[in-house]
Chemist: 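Can you read through this structure? Questions will come right after.
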Amino acid sequence: MDQAKNFVCRSCSTPVPMGHKFCGRCGAAVPPEILNARTQFFGQLQVPGKAKLILIRGEGVEGLSYQLNAEQHIVGRNGQLVFPDDPFVSPKHANLFYRSGKLVVRDEGSLNGVFLRVRGTVDIAVGDHFLAGEQLFRIDATPKQADGPAPDGTYFYSSPKHQSPFRITQLLQGGATGMTVCARNQGLQIGREGGDLNFPTDLYMSASHCKLEENTGRLTLTDLNSRNGTYVRLKGERELTHGDYLFIGRKLLRVEITAA
């Protein structure tokens with residue numbers, strides 16, 4: 001009989017097949033801890049109250065998880081969380097660390113920034129960057145009017161002007177600028193179709209993706225329940241909560257925090 005697959009009776013040292021409640025030789029009961037034993041999977045344990053990152057979108061390694069059990073974790077082409085295959089990740093891109101038991105992310109001066117997914121409506125300002133689909137935008141102020149004549153008294157001929165509280169500029173790979181669109185009235189909507197700015201070939205853009213609005217000097221960005229989300233570039237650092245999503249380079253990561 002293969003003893004490796006059996007419990008050895010503590011009374012008479014006779015092998016007892018797994019699943020039997022009593023020894024077949026002496027009748028001694030098998031201890032409860034043996035009867036209820038279950039095989040556990042090997043794996044790195046997540047510390048209660050700590051977080052982990054789940055890679056949602058990357059270079060063919062979706063589903064990979066990163067345990068954040070240390071006090072700080074440098075993300076970049078060097079550090080504790082390394083993405084050497086992503087050319088949009090800086091050598092020292094971001095730091096994920098704990099402060100007073102809360103997970104915080106800080107941009108470490110990266111070239112391309114850290115983007116956090118918008119929940120509902122957030123305040124935004126001139127100069128801020130945001131992602132919708134695969135498009136990157138910058139919010140710009142409306143240029144000051146210069147309607148005066150040239151030194152010789154001639155006026156510049158141009159298209160008719162419309163009242164616009166702000167405008168957005170599309171930023172292209174390499175730093176070049178693409179389209180610039182001025183908001184009409186007090187807002188501007190972006191999507192795949194039916195908006196003020198449409199991207200019909202962007203597979204990650206929802207039909208109605210997000211909108212920007214200006215009201216009495218306050219500028220807001222609202223995600224319109226888009227499938228893939230709208231992301232704002234962080235300024236400095238931000239506390240993270242369970243279920244937050246981050247874009248770092250081309251990597252989309254979800255934050256999961258274990259209950260303490």
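Numbering of residues begins at 1 and proceeds along the displayed sequence. None of these values were measured; they are calculated from a predicted model.
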Chemist: Any salt bridge between K92 and D107, counting N to O under 4.0 Å?
Modeler: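 Not counted as a salt bridge, because no side-chain N and carboxylate O are separated by less than 4.0 Å.
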
Chemist: Roughly how far, to the nearest 0.5 Å, is CG of L64 from CG of L55?
Modeler: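 The CG atom of L55 sits 6.0 Å away from the CG atom of L64.
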
Chemist: Where do F115 and H129 come nearest, in terms of heavy atoms and distance?
Modeler: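 Scanning both residues, the minimum pair turns out to be CE2-O, 4.0 Å.
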
Chemist: With sequence neighbours left out, what residues match K235 under side-chain contact (heavy atoms from CB on, under 4.5 Å)?
Modeler: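 By the side-chain contact (heavy atoms from CB on, under 4.5 Å) rule, K235 matches A125, D128.
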
Chemist: If you take all heavy atoms of L111 and R233, which pair is closest and at what distance?
Modeler: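 Heavy atoms only, the tightest pair is O-NH2, 3.4 Å.
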
Chemist: Both conditions, 6.0 Å and 45 degrees, for the charged tip of K52 above the ring of Y66: are they met here?
Modeler: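 No, cation not above the ring by the 6.0 Å, 45° rule.
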
Chemist: I need the N228 CG to Y231 OH distance, nearest 0.5 Å.
Modeler: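 Reported value, rounded in 0.5 Å steps: 7.0 Å.
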
Chemist: Check side-chain contact (heavy atoms from CB on, under 4.5 Å) between T222 and all other residues, then give those that pass, not counting sequence neighbours.
Modeler: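 In terms of side-chain contact (heavy atoms from CB on, under 4.5 Å), with neighbours along the sequence ignored, T222 is linked to T121, K211, L224.
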
Chemist: Going from CG on D140 to CZ on R138, what distance comes out if it is rounded to the nearest 0.5 angstrom?
Modeler: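 Going from the CG atom of D140 to the CZ atom of R138 covers 4.0 Å.
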
Chemist: Taking all non-hydrogen atoms of both residues into account, name the closest pair between L172 and Q170 and its distance.
Modeler: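 Taking every non-hydrogen atom into account, CD2-CD, 3.8 Å.
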
Chemist: Evaluate the side chain to side chain contact (heavy atoms under 4.5 Å, CB included) criterion for residues K251 and L53: first the C-alpha distance (whole Å), next the side-chain angles of each, then the deciding distance (0.1 Å), finally the verdict.
Modeler: CA-CA 11 Å; K251 302 292 189 292; L53 296 179; over 6 Å; no

Chemist: Counting only heavy atoms not in Y204 (residues, nucleotides, ligands), do more than 12 fall under 6.0 Å from its OH?
Modeler: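 Count not over threshold, so no.
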
Chemist: Under the criterion salt bridge (Lys or Arg N to Asp or Glu O under 4.0 Å), which of K102, R254, R119 is the partner of D244?
Modeler: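 When salt bridge (Lys or Arg N to Asp or Glu O under 4.0 Å) is applied between D244 and each of K102, R254, R119, only R119 qualifies.
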
Chemist: State the CG-OG distance between N78 and S90, to the nearest 0.5 angstrom.
Modeler: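 It is 10.5 Å, given to the nearest 0.5 Å.
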
Chemist: Does the H242 side chain pair with the main chain of I257, one donor and one acceptor, at a distance under 3.5 Å?
Modeler: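 Confirmed, H242 side chain pairs with I257 backbone.
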
Chemist: Show me the donor-acceptor pairs within less than 3.5 Å that the side chains of residues 179-186 make with the rest of the protein, sequence neighbours left out.
Modeler:
from : atom 1 : to   : atom 2 : distance (Å)
T180 : OG1    : T169 : OG1    : 3.4
Q186 : NE2    : E214 : O      : 3.1
Q186 : NE2    : E214 : OE1    : 2.5

Chemist: Taking salt bridge (Lys or Arg N to Asp or Glu O under 4.0 Å) as the test, write out the residues that go with R77, two or more places apart.
Modeler: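 With sequence neighbours excluded, R77 shows a salt bridge (Lys or Arg N to Asp or Glu O under 4.0 Å) to no residue whatsoever.
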
Chemist: Does F22 sit in a hydrophobic cluster with other residues, and if so which ones, taking ILVMFWY side chains as linked at heavy-atom separations under 4.5 Å, directly or through other members?
Modeler: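 Its cluster mates, by chain and number: none.
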
Chemist: Measure across T230 and C210 and return the closest heavy-atom pair with its distance rounded to 0.1 Å.
Modeler: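 The pair with the smallest heavy-atom distance is OG1-CB, 3.6 Å.
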
Chemist: Going by ring pair (Phe, Tyr, Trp, His ring centres under 6.0 Å), name the residues that satisfy it together with F137, two or more places apart in sequence or in a different chain.
Modeler: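 Once residues adjacent in sequence are excluded, the partners of F137 under the ring pair (Phe, Tyr, Trp, His ring centres under 6.0 Å) criterion are F130, F199.
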
Chemist: Is the shortest side-chain heavy-atom distance between P149 and T154 below 4.5 Å?
Modeler: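 Result no, sub-4.5 Å side-chain heavy-atom pair not found.
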
Chemist: Indicate yes or no: at least one non-hydrogen side-chain atom of V255 is less than 4.5 angstrom from one of T241.
Modeler: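 Not in contact.
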
Chemist: Verify the cluster assignment for L197 and L212: are they in a single hydrophobic cluster under the rule of side-chain heavy atoms below 4.5 Å apart?
Modeler: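 Both belong to a single hydrophobic cluster.
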
Chemist: Hey, does the side chain of H209 reach the backbone of R192 with a donor-acceptor pair shorter than 3.5 angstrom?
Modeler: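 No.
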
Chemist: Please tell me whether I54 and Y245 are part of a single hydrophobic cluster in this structure, the criterion being side-chain heavy atoms less than 4.5 Å apart.
Modeler: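 Yes, it is one cluster - the side chains of I54 and Y245 are joined through contacts under 4.5 Å.
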
Chemist: So, E71 and K50, do they make that salt bridge, N to O below 4.0 Å?
Modeler: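 So E71 pairs with K50 through a salt bridge.
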
Chemist: Nearest 0.5 Å please: distance from the CG atom of L246 over to the CG atom of L96.
Modeler: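 These two atoms lie 7.0 Å from each other.
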
Chemist: The criterion is side-chain hydrogen bond (donor to acceptor under 3.5 Å, both in side chains); which residues satisfy it with N95, sequence neighbours excluded?
Modeler: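 Only Q72 meet the side-chain hydrogen bond (donor to acceptor under 3.5 Å, both in side chains) criterion with N95.
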
Chemist: Tell me every residue that passes side-chain contact (heavy atoms from CB on, under 4.5 Å) with R238, counting only those two or more places apart in sequence or in another chain.
Modeler: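 V105, L116, L234.
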
Chemist: Quick one: list whatever passes salt bridge (Lys or Arg N to Asp or Glu O under 4.0 Å) with E193, sequence neighbours left out.
Modeler: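 Residues passing salt bridge (Lys or Arg N to Asp or Glu O under 4.0 Å) with E193: none at all.
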
Chemist: Report yes or no: do L240 and L253 belong to one cluster of Ile/Leu/Val/Met/Phe/Trp/Tyr joined by side chain heavy-atom distances under 4.5 Å?
Modeler: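 As far as the 4.5 Å side-chain criterion goes, L253 and L240 are connected within one cluster.
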
Chemist: So if you build clusters from Ile, Leu, Val, Met, Phe, Trp, Tyr with side-chain heavy-atom gaps below 4.5 Å, do I56 and V118 land together?
Modeler: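 Unlinked, I56 and V118 end up in two clusters.
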
Chemist: Quick one: name the residues clustered hydrophobically with F97, using the 4.5 Å side-chain heavy-atom rule over I, L, V, M, F, W, Y, and just say none if it's on its own.
Modeler: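 Via sub-4.5 Å side-chain contacts, F97 links to V104.
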
Chemist: On a heavy-atom basis, which atom in A51 and which in L103 lie closest, and how many Å separate them?
Modeler: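 Closest approach of A51 to L103, heavy atoms only: CB-CD2, 3.7 Å.
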
Chemist: Write down the atom of A141, the atom of V126, and the distance for their closest heavy-atom approach.
Modeler: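 For A141 and V126, the tightest heavy-atom pair comes out as N-CG1, 3.6 Å.
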
Chemist: What residues, two or more places apart in sequence or in another chain, satisfy side-chain contact (heavy atoms from CB on, under 4.5 Å) together with D196?
Modeler: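 Per chain and number, D196 pairs via side-chain contact (heavy atoms from CB on, under 4.5 Å) with L188, Q189.
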
Chemist: Say whether S110 and N112, considering side chains only, have a donor N or O and an acceptor N or O under 3.5 Å apart.
Modeler: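 Judged by distance alone, the side chains do not pair up.
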
Chemist: Taking ring pair (Phe, Tyr, Trp, His ring centres under 6.0 Å) as the definition, give me every residue that meets it alongside F166, ordered by chain and number, with sequence neighbours left out.
Modeler: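 In terms of ring pair (Phe, Tyr, Trp, His ring centres under 6.0 Å), with neighbours along the sequence ignored, F166 is linked to no residue.
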
